[in-house]
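Only a predicted model underlies this, so the values are computations on that prediction, with no experimental measurement involved. Within every chain, numbering begins at 1; the chains are lettered A, B, ... in the order of the sequence lines, protein sequences first and strands thereafter.
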Protein chains: 2
Amino acid sequence: MNETLEDVTTIFTDFLAKKNLRMTNQRNLILKMFLSTEKHVSSDDLYSLIRKQDNTIGQATVYRTLKLLAEAEIATIVEFGDGVARYEHIYLHQHHDHLICEGCNIHIEVVDDDIERLQVRLAKKYGFTLTSHKMYLYGKCEKCQNISSL
Amino acid sequence: MNETLEDVTTIFTDFLAKKNLRMTNQRNLILKMFLSTEKHVSSDDLYSLIRKQDNTIGQATVYRTLKLLAEAEIATIVEFGDGVARYEHIYLHQHHDHLICEGCNIHIEVVDDDIERLQVRLAKKYGFTLTSHKMYLYGKCEKCQNISSL
DNA sequence: CTTTTTATTGTAAAATCTTATCAATATATT
DNA sequence: AATATATTGATAAGATTTTACAATAAAAAG
Ligand SMILES: [Zn+2]
Ligand SMILES: [Zn+2]
Ligand SMILES: [Zn+2]
Ligand SMILES: [Zn+2]
């Protein structure tokens, strides 16, 4: 996907309008900051980032806006199992899954077209139409394999 | 996998011994109740179940024991995104992934051997050895597809 | 069998993350 | 302008999980 910030802002504004909600300065700033980050930010991460530009913004507003962004399908939730909801953007960033090293904790974004195809097939086998999926692969990276074999 | 309750209890006891921990009545009961449940129980679910048999047990003990069971690889965490950690047993239950209907919320356990194979291949491509994975497929079941098209 | 050491438990407090409440403010509609 | 509606920030409340700690139980040592 190659949307610009303006495109995504329009998408969000339209989404809001459809629900009788308004595009505000706060929502605008939050969206802008969110899109400018790479990968997995928690609401709190984003709140800290935004405070640097505008320290009047409220924590709850960030929570609320991220929920809206997820509803608008501009953001998706990623859960790494520590009880914190993290978000990443879909627009400006295409779908991917996560490969995670249990040793050093690095996260690599991956996609395998064959798997993506088979997921649709698998869902269809049960009469489902697939709208999305999440896949997390856990293992050890090259470096950590060597360390643990010492 | 076809382990019996006794087998799994032994596995857990051994795991504990290796860490200088002890098999206690509480841990034994929690394990037994956990294995007797089907699928996704939260710590609180399990706590309620156990209280019926022994109302002296503490909530924290259930949390602690489930953590240990996960560490011992007898249980795995399943996260459905509502902020609650749920557990399911690996022993007595083989690996599977989850197909979830966004309409009626039913959960179907699925496995696709081709996908499982490709996951290993994908990880290898990045120099990773794979130890586990989680895959959640979200969509609409047959019934819910029809409902939403009315 | 004691005594001593170590681990475990239950209770309750604390920590974390998220949501709800509400009066004040900003935005849209009339 | 006046009115209605939505939004905000602060704060309280909720929910889930972890931690602290004294009392208890289990294991090890004597
Ligand atoms: Zn994918
Ligand atoms: Zn690594
Ligand atoms: Zn699988
Ligand atoms: Zn359904």
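Relative orientation of the His89(B) and Phe34(B) rings is perpendicular, given thresholds of 30° and 60° on the angle between their planes. His98(B) and Tyr136(B) have parallel rings, their planes meeting at less than 30° on a 0 to 90° scale where 60° marks the start of perpendicular. Note on ring orientation: taking the six-membered ring where Trp is involved, the planes of Phe12(A) and Phe15(A) are parallel (angle under 30°, cut-offs 30° and 60°).
We find the CG-OG1 distance between Leu31(B) and Thr9(B) to be 5.0 Å, quoted to the nearest 0.5 Å.
Between the P atom of dT17(D) and the CG atom of Leu68(B) lies a distance of 16 Å, rounded to the nearest Å. One can place CD of Glu79(B) at 15 Å from C1' of dA15(D), the figure rounded to the nearest angstrom. When rounded to the nearest whole Å, the span between CG of Asn28(A) and P of dT8(D) equals 11 Å. The CD1-C1' distance, from Ile57(B) to dT11(C), rounds to 14 Å in whole Å. Atoms CG (Asn20(B)) and P (dA25(D)) sit 22 Å apart, rounded to a whole Å. Remark: P of dA7(C) and CG of Leu16(B) are 13 Å apart, rounded to the nearest angstrom. What separates OH of Tyr87(A) from C1' of dT18(C) is a distance of 9 Å, to the nearest Å. For the pair Arg64(A) CZ and dA20(C) C1', the computed distance is 9 Å after rounding to whole Å.
Taking only side-chain nitrogens and oxygens, Ser43(A) never comes nearer than 4.0 Å to OP1 or OP2 of dT18(C). An OP1 or OP2 oxygen of dG10(C) is reached within less than 4.0 angstrom by a side-chain nitrogen or oxygen of Gln26(B). Taking side-chain N and O atoms only, Arg27(B) has a distance below 4.0 Å to OP1 or OP2 of dT9(C). Within the structure, every side-chain polar atom (N or O) of Thr61(B) is placed at least 4.0 Å from both OP1 and OP2 of dT9(C). OP1 and OP2 of dT18(D) both lie 4.0 Å or more from every side-chain N or O belonging to Tyr63(B). The side chain of Lys67(B) places no N or O atom within less than 4.0 Å of a non-bridging phosphate oxygen (OP1 or OP2) of dT17(D).
Both Gly83(B) and Arg22(B) lie near DNA chain D, and the one whose nearest nucleotide falls closer to the 5' end is Gly83(B). Across the interface with DNA chain C, nearest-nucleotide mapping of Asp54(B) and Lys19(B) shows Lys19(B) to be the residue nearer the 5′ end.
Within the 3.5 Å criterion, the main-chain N or O of Thr4(A) finds a donor-acceptor partner in the side chain of Asp7(A).
Among the atoms of the strands shown, only primed sugar atoms or phosphate atoms (P, OP1, OP2) are found under 4.0 Å from some heavy atom of Thr56(A).
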